[in-house]
Visitor: 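My structure is below; once you've seen it, I'll send some questions.
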Amino acid sequence: MIFGVSLGVTVLVVVMFSLGVAAWARAGGGVPRHRRGRSDTVAAGAAVVCFAACLAIAAYGIDLIIPG
């Protein structure tokens, strides 16, 4: 049971991070804001959401490991 959950969460984090990197690249990465279109802004927002989800999962894992 624990192995399955750990494997599932690991795969989820890897997929979310990969989607975030792909969305960030589609958004133009470091292109200035005034040169972006609407779809680039949506892609940048999706990247931020994916990275935030990865950060939240990692923070929760650290919270489980380190006693409060």
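When a residue number appears, it is its place in the shown sequence, counting from 1.
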Visitor: To the nearest 0.5 Å, how far apart are CE in Met16 and SG in Cys50?
Guide: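 One finds 4.0 Å between CE of Met16 and SG of Cys50.
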Visitor: Can you tell me which residue among Val13, Leu12, Val11 is in a side-chain contact (heavy atoms from CB on, under 4.5 Å) with Val15?
Guide: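 The single option meeting the side-chain contact (heavy atoms from CB on, under 4.5 Å) with Val15 is Val11.
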Visitor: Please give me the minimum heavy-atom distance between Ala44 and Ala27, naming the atom from each residue.
Guide: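 It is N-CB, 3.5 Å.
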Visitor: Taking all non-hydrogen atoms of both residues, which atom of Ala23 and which atom of Ala43 are closest, and how far apart?
Guide: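 Of all heavy-atom pairs spanning Ala23 and Ala43, the closest is CB-O, 3.4 Å.
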Visitor: Transitive ILVMFWY cluster of Leu55 at side-chain heavy atoms under 4.5 Å: who else is in it?
Guide: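 None; Leu55 is a cluster of one.
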Visitor: When Ile57 is tested against each of Thr10, Ile62, Val9 for side-chain contact (heavy atoms from CB on, under 4.5 Å), which residue passes?
Guide: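 By the side-chain contact (heavy atoms from CB on, under 4.5 Å) criterion, Ile57 pairs with just one of Thr10, Ile62, Val9: Val9.
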Visitor: Of all residues at least two apart in sequence or in a different chain, which pass the ring-ring contact (aromatic ring centres under 6.0 Å, His included) check with Phe17?
Guide: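 With neighbours one apart ignored, the set is Phe51.
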